[in-house]
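Please read all numbers here as calculations on a predicted model, not as lab measurements.
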Amino acid sequence: MPDVRELTPDDLDDAWQLGRLAFGYDPQPPPPPATTGRTAYGAFDPAGHLVGKAVDLHDEQWWSGRVVPAADVAGVAVAAEARGTGVGRTLLTALLRGARDRGAAVSALFPTTTAPYRACGWEVTGQLRTLDLPTAGLPRQRRDPQLTVRAGTPADLPATTELYRRVACHRNGLLTRTQRRFTVTDKLPYDGLTLVEHDGHLVGYAGWNRGQGYGPDAVLTVEDILATTAAAARALVGVLASWYSVAPTLRLTLLPGDAVSTHLPLERTREHERHAWMHRPVDIVRAVPARGWPAHTRGEVTFALTDDLADWNTGTWQLTVADGHADLRRSTAEADLHLTVRGFARLYTGTATARALAETGLLHHSTPDPSALDLLAAGPTAHLIDYF
């Protein structure tokens, strides 16, 4: 087995080269990555050569009004000659242990291939979809005279951050965007920022990149768009529609079911790009009580869990949910419901029912009806709209 340790500044060139070969990066290396908010792990062969790497991003995720510390995984690469020898599994085991030691509760990642991550306990729990729309097909309605629409500046970025927080905090799985890579405020992170205000308060924004040209292939890419009122959403859509003569295609990533989505002709979208994302618990004793739960949901269920990489999660557990809170304790009772860690991820993110998991083999049960375990799935379905 390889030796796994945190990477040092002396390892950065080798780590860049490994990633460049794995992902086809430009041969010109970028500036050194930030040393805060992340832990980079390397796997070394007996000769001391770097044969694998993985990065733990010290993120936080919103879960129904509460902030849950996360270990979001990025930059996983294994040298071609070392693939299939257990390097990736050894790396991810060390990453999970380190993430638990620093207090993380959950983990997410965007895989280039799902099989090795499924073997390590992550499971597909959603899709990040980038959609294309014909700009000329967007509705253009008369703007509410009580709204002010203007171009934003770097000074407006804190207000957009606060609006994002208001929209995201009551959902599940979204990043808090408080990490350093989201907090640059000395310049706009896109070509343009359109703001919608009501009585001086921000109620909607869209950050967009113009792209090149003005012919039939020109694309206006909306990198970030959110609104807190229907009127603000209509105003933003109207501004985007005004680009129809020079940017026939609008490209954007939507937050499912949000205010903006309800004012777009979604039947006319076509998918430009799709990224599956995967989830798993780092430490279930933290993950369950740390998040918010529906106030109307009450119940209790006992289940057994198996987690080969994070053995601290393995055992029999009693889950109790009441009054917006949940508690998870070890139990000595006999469990009729036997859950895999991948099944736990599907339930925790609200992307499966217990019956569906039983059909996939991620849950085994001796009772006629396993639906008592749906208690773990209570709450909104999780989403991710930030790629990492």
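The side-chain heavy atoms of Arg355 and Leu363, taken from C-beta on, include no pair separated by under 4.5 Å. Within the 4.5 Å cutoff, side-chain heavy atoms of Thr114 are placed close to those of Val124. Counting only heavy atoms from C-beta outward, the side chains of Asn172 and Pro380 approach each other to under 4.5 Å. The closest side-chain heavy-atom distance from Arg102 to His58 is below 4.5 Å. Between Arg268 and Pro134 the shortest side-chain heavy-atom distance falls below 4.5 Å. By the 4.5 Å heavy-atom criterion applied to side chains, Arg171 and Leu255 are counted as neighbours. Considering only heavy atoms from C-beta on, Pro139 comes within 4.5 Å of Pro265 through its side chain. Taking 4.5 Å as the limit, some side-chain heavy atom of Arg100 sits within range of a side-chain heavy atom of Arg286.
Ring geometry for Phe110 against His275 counts as perpendicular: the plane angle is over 60°, on a 0 to 90° scale with 30° as the lower cut. Taking the six-membered ring where the residue is Trp, Tyr348 and Trp63 present tilted rings, their angle falling between 30° and 60°.
Taking every heavy atom of both residues into account, Pro154 and Lys187 meet most closely at CG-CA, 3.7 Å. For Ala74 against Leu57, the heavy-atom pair with the smallest separation is CB-CD1, 4.0 Å. Nearest heavy-atom pair, Arg89 versus Asp308, reported as atom, atom and distance to 0.1 Å: NH2-CB, 3.8 Å. The minimum heavy-atom distance linking Cys120 with Leu309 is given by the pair CB-CD2, 3.6 Å.
Although no hydrogens or angles enter the test, the distance criterion places a donor-acceptor pair under 3.5 Å between the side chain of Asp45 and the main chain of Ala47. Remark: the backbone N or O of Val167 is not paired with any side-chain donor or acceptor of His170 at under 3.5 angstrom. Side-chain atoms of Arg83 come within 3.5 Å of backbone atoms of Val78 as a donor-acceptor pair (strictly under, hydrogens ignored). The backbone N or O of Pro289 sits nowhere less than 3.5 Å from a side-chain atom of Asp327 that would complete a donor-acceptor pair. Using modelled atom types, one side-chain atom of Lys53 and one backbone atom of Gly75 make a donor-acceptor pair closer than 3.5 Å.
Both Val321 and Leu347 are part of a single hydrophobic cluster, where members link through side-chain heavy atoms under 4.5 Å apart. Hydrophobic clustering (side-chain heavy atoms under 4.5 Å, transitive across Ile, Leu, Val, Met, Phe, Trp, Tyr) keeps Val341 apart from Trp122. One hydrophobic cluster holds both Tyr190 and Leu163 under the rule that ILVMFWY side chains link at heavy-atom gaps under 4.5 Å. Under the 4.5 Å side-chain heavy-atom criterion for Ile, Leu, Val, Met, Phe, Trp and Tyr, Leu337 and Leu375 are members of the same hydrophobic cluster. Side-chain heavy atoms closer than 4.5 Å link hydrophobic residues (I, L, V, M, F, W, Y) into clusters, and following such links, possibly through other members, connects Leu226 to Leu193.
Atom CZ of Arg97 and atom CG of Asp283 lie 11.0 Å apart (nearest 0.5 Å). Once rounded to the nearest 0.5 Å, the distance linking CZ of Arg291 with OG of Ser64 reads 5.5 Å. The CH2 atom of Trp293 sits 11.0 Å away from atom OG1 of Thr320, with the distance rounded to the nearest 0.5 Å. In this structure, Leu195 CG and Thr148 OG1 are separated by 10.5 Å, a value rounded to the nearest 0.5 Å. Separation of atoms CZ (Phe388) and CZ (Arg38) is listed at 13.0 Å; rounding is to 0.5 Å. Atom CD1 of Ile385 and atom OG1 of Thr253 lie 8.0 Å apart (nearest 0.5 Å).
A salt bridge is defined here as a Lys NZ or Arg NE, NH1 or NH2 lying under 4.0 Å from an Asp or Glu carboxylate O, and Arg280 with Asp307 meets this definition. Look at Arg5 and Asp11 and you find a salt bridge, because one of the NZ, NE, NH1 or NH2 atoms lies within 4.0 Å of a carboxylate O, short of that distance. Using a 4.0 Å cut-off between charged side-chain N and carboxylate O, Asp156 and Arg150 make a salt bridge. Here Arg181 pairs with Asp59 in a salt bridge; the nearest charged N to carboxylate O distance falls below 4.0 Å. Taking 4.0 Å as the cut-off between side-chain N and carboxylate O, Arg298 and Asp323 count as a salt-bridged pair. Of the charged side-chain nitrogens involved, none lies within less than 4.0 Å of a carboxylate oxygen, so that Arg346 and Glu123 do not count as a salt-bridged pair.
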ring-ring contact (aromatic ring centres under 6.0 Å, His included) between Trp277 and Tyr387, worked out: CA-CA 9 Å; Trp277 62 272; Tyr387 186 83; over 10 Å; no
Evaluate Arg330 against Thr316 for side-chain contact (heavy atoms from CB on, under 4.5 Å), listing each step before the verdict. CA-CA 6 Å; Arg330 288 197 179 273; Thr316 301; over 6 Å; no
Quick one: do Ser331 and Thr302 satisfy side-chain hydrogen bond (donor to acceptor under 3.5 Å, both in side chains)? Show the steps, please. CA-CA 8 Å; Ser331 174; Thr302 299; 4.7 Å; no
Please evaluate residues Arg270 and Thr249 with respect to the criterion side-chain contact (heavy atoms from CB on, under 4.5 Å), reporting the C-alpha separation (whole Å), side-chain torsions for both, the decisive distance (0.1 Å), and the verdict. CA-CA 11 Å; Arg270 59 185 185 274; Thr249 298; 3.8 Å; yes
Would Thr176 and Gln61 count as a side-chain hydrogen bond (donor to acceptor under 3.5 Å, both in side chains) here? Give the steps. CA-CA 5 Å; Thr176 62; Gln61 299 174 2; over 6 Å; no
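Within 6.0 Å of the CZ atom in Arg142, the count of heavy atoms belonging to other residues, nucleotides or ligands does not exceed 12. Shown here is Arg180, whose CZ atom has no more than 12 heavy atoms of other residues, nucleotides or ligands within 6.0 Å. Atom OH of Tyr244 sits in a sparse spot, with 12 or fewer heavy atoms from other residues, nucleotides or ligands closer than 6.0 Å. Within 6.0 Å of CG in Asp191 there are more than 12 heavy atoms belonging to other residues, nucleotides or ligands. Glu271 CD: more than 12 foreign heavy atoms inside a 6.0 Å radius.
The closest side-chain donor-acceptor pair between Glu6 and Thr39, if any, does not fall under 3.5 angstrom. Using modelled atom types, one finds no donor on one side chain facing an acceptor on the other under 3.5 Å when comparing Tyr41 with Asp56. Neither side chain, Thr340 nor Thr306, offers a donor N or O lying under 3.5 Å from an acceptor on the other. Judged purely by distance below 3.5 Å, without hydrogens or angles, the side chains of Ser371 and Asp374 never pair a donor atom with an acceptor atom.
Partners of Asp336 according to the salt bridge (Lys or Arg N to Asp or Glu O under 4.0 Å) rule, which considers only residues two or more places apart in sequence or in another chain, do not exist here.
Under a 4.5 Å side-chain heavy-atom criterion applied to ILVMFWY residues, the cluster that includes Val237 comprises Leu131, Leu133, Leu138, Leu147, Val149, Val196, Val203, Trp208, Tyr214, Leu220, Val222, Ile225, Leu236, Val239, Leu240, Trp243, Val246, Leu250, Leu252, Leu254, Val260, Leu264, Leu266 as well. Side-chain heavy-atom separations under 4.5 angstrom define the hydrophobic clusters, and the remaining members of the one that includes Trp62 are Val67.
A cation-pi contact links Arg177 to Tyr164, judged by a cut-off of 6.0 Å to the six-membered ring centre and 45° from its axis. For Arg342 and Tyr117, the positive end is not near the middle of the six-membered ring at less than 6.0 Å and at most 45° from its axis.
Screening Leu384, Leu109, Asp386, Leu175 for a side-chain contact (heavy atoms from CB on, under 4.5 Å) involving Asp72 leaves a single residue, Leu175.
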